[in-house]
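Written below as structure tokens is the structure these notes are about.
Just so you know, ligand 1 is whichever comes first in the structure, and atom 1 is the first atom listed for that ligand. Note: hydrogens, waters and symmetry copies are ignored here, and every other heavy atom, side chains too, is used.
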Amino acid sequence: MRYSQTIFKTLKQAPKEAETVNHKLLVQAGFVRQLMAGVYTYLPLGHRVLNKISQIVREEMDAIGSQEVLMPMLHPAENWKKTGGWDSIDVLFKLQSRTKKDYALSQSHEEVVTPLAKEFINSAKDLPLSIYHIQWKFRDELRSKSGIMRGREFLMKDMYSWHLNQEDFDKYYQKAKEAYLKVFKRLGLVAKVTEASGGSFTEKVSYEFEVLTDSGEANIMYCDKCDYCVNIDDFKKDSCPKCAEGLLRKATAAEVGNVFDLGQKYSKAFDLKVDGVYPIMGCYGIGISRTMGVIVEKFHDAKGIVWPKSISPFAVHLVGLNGLGEEVYKKLTASDVEVLFDDTDKSAGEKFANADLIGIPVRLVVSEKTGDKIEYKERNSDKIEFLDLEEVIRRLN
Ligand code: ATP
Ligand code: MG
């Protein structure tokens with residue numbers, strides 16, 4: 001992409017109303033715009049990051065045999081009345097058509113996916129079944145001041161699975177937890193698996209995937225020696241009950257994902273039966289847009305964002321000075337390298353500041369000074385090297 005040809009430029013200053021780092025930096029660097037509290041437009045750079053996160057999640061869900069679909073955001077009220085959610089879920093957005101029919105906006109998709117699965121599950125041979133999609137969710141959140149980390153409209157990957165018995169469910173639950181850890185690792189995040197109660201869904205155990213960050217809204221305690229982590233509510237211990245060696249530390253964290261054992265609640269509500277048995281159902285969420293915000297909270301410095309390679313909007317930020325860089329841009333692009341090419345006539349200083357703000361992991365400079373070499377610098381290092389194009393391409397691949 002040529003920077004001269006996009007209208008979505010960076011700003012000199014962060015928006016005044018922004019209270020969190022992700023909100024400030026994502027707006028200033030030209031990734032998102034806020035339409036109203038909790039509702040954002042994703043500009044080309046931001047849209048690319050969302051797609052990259054989605055793709056990593058997609059690959060890991062496919063790898064555990066889940067099938068991708070795309071379910072609607074507009075739901076008939078009847079489905080939500082069947083499960084009681086219509087009256088009990090306070091964040092549910094409800095609307096009425098001009099013919100006075102009631103609808104709900106997707107706050108989650110159990111009410112849609114269960115009747116869908118019912119149509120296709122005809123016998124025990126059809127189980128286990130796992131379905132997922134990546135779709136927008138709507139929630140009437142009271143407070144939405146954490147940038148894209150708490151949206152009233154946000155992108156979620158939600159997966160649902162059905163099993164003949166608890167044993168089969170437990171096996172898949174374990175597989176899904178492992179897939180989640182792979183996802184967060186590929187995103188450059190350390191997610192702590194936190195045991196929690198099932199909340200509104202069920203009394204069974206659920207697990208949250210928490211990333212430590214001051215801008216998170218979850219209070220947790222984690223062991224400083226092993227991987228033990230719990231929700232803080234009513235927890236009054238200081239030594240780790242798991243390894244008995246570590247001390248528990250208090251922290252705030254952001255929940256980037258969770259997995260629930262839903263039991264037979266939804267199978268019963270929609271009368272989904274196999275050989276007279278209601279299957280055990282699980283649901284597994286990952287907040288795609290929240291995760292993007294968490295990544296900015298974790299990876300930034302005083303100059304701007306520092307994207308992990310795996311989800312950076314582009315692989316390199318090519319700065320051309322004095323009208324140079326065309327040829328390198330064309331060759332990199334021809335080698336399938338994703339390049340953001342700053343071909344504007346701004347000063348070198350402005351271009352470098354912009355590159356730091358946007359946060360692409362590698363900056364290349366072509367100028368009169370670089371001759372037949374290319375200046376190579378990583379965003380998170382001060383080391384500058386002068387390399388051949390071939391060497392640059394080799395490193396990027
Ligand atoms: P929270 O406790 O943060 O409100 P939740 O328990 O309501 O989360 P789920 O309904 O299980 O979350 O949704 C699955 C995932 O979607 C969460 O783990 C989180 O990453 C993300 N998520 C939930 N609510 C929001 C929101 N308002 N904005 C952005 N992402 C969200
Ligand atoms: Mg919530």
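A donor atom on one side chain and an acceptor atom on the other are not found under 3.5 Å apart for Tyr266 and Gln264. Residues Tyr222 and Asp224 bring no donor and acceptor atom of their side chains to less than 3.5 Å of each other. Residues Glu208 and Asn258 have side chains that never bring a donor and an acceptor to within less than 3.5 angstrom of each other. Tyr284 and Ser66 share no donor-acceptor pair across their side chains, judged by distance under 3.5 Å alone.
In this structure, Glu208 falls outside the shell of residues with a heavy atom less than 4.0 angstrom from ligand 1. Not a single heavy atom of Ser108 sits closer than 4.0 Å to an atom of ligand 1.
A salt bridge is absent between Glu78 and Lys82: the closest approach of a Lys/Arg side-chain nitrogen to an acidic carboxylate oxygen does not fall below 4.0 angstrom.
Here ring pair (Phe, Tyr, Trp, His ring centres under 6.0 Å) pairs that include residues 309-363, with residues two or more places apart or in two chains, are Tyr329-Phe341.
Of all the atoms in ligand 1, the ones that sit under 4.0 Å from a non-hydrogen atom of Gly257 are 18 (O), 20 (O). Distances below 4.0 Å separate heavy atoms of Val256 from the following atoms of ligand 1: 18 (O), 20 (O).
Checked by distance only, ligand 1 and Gly151 come closer than 3.5 Å through their nitrogen or oxygen atoms. Considering backbone and side-chain N/O of Ile286, none are found under 3.5 Å from N/O of ligand 1. Residue Ser289 has no N or O atom closer than 3.5 Å to an N or O atom of ligand 1.
Of the listed options Gly287, Gly216, Ser144, Gly147, Gly287 places a heavy atom closest to atom 21 (C) of ligand 1. Across Arg150, Glu210, Arg139, heavy-atom proximity to atom 12 (O) of ligand 1 is greatest for Arg139. Nearest residue to atom 13 (O) of ligand 1 from Met156, Arg143, Gln107, Glu217 is Met156 (criterion: closest heavy atom).
With hydrogens and angles ignored, the 3.5 Å screen pairs a side-chain donor or acceptor of Thr370 with a backbone N or O of Ser367.
Contacts between Glu141 and ligand 1 below 4.0 angstrom, taking non-hydrogen atoms only, involve the side chain exclusively.
With sequence neighbours excluded, the residues satisfying side chain to side chain donor-acceptor pair (under 3.5 Å) with Asp227 are Lys242.
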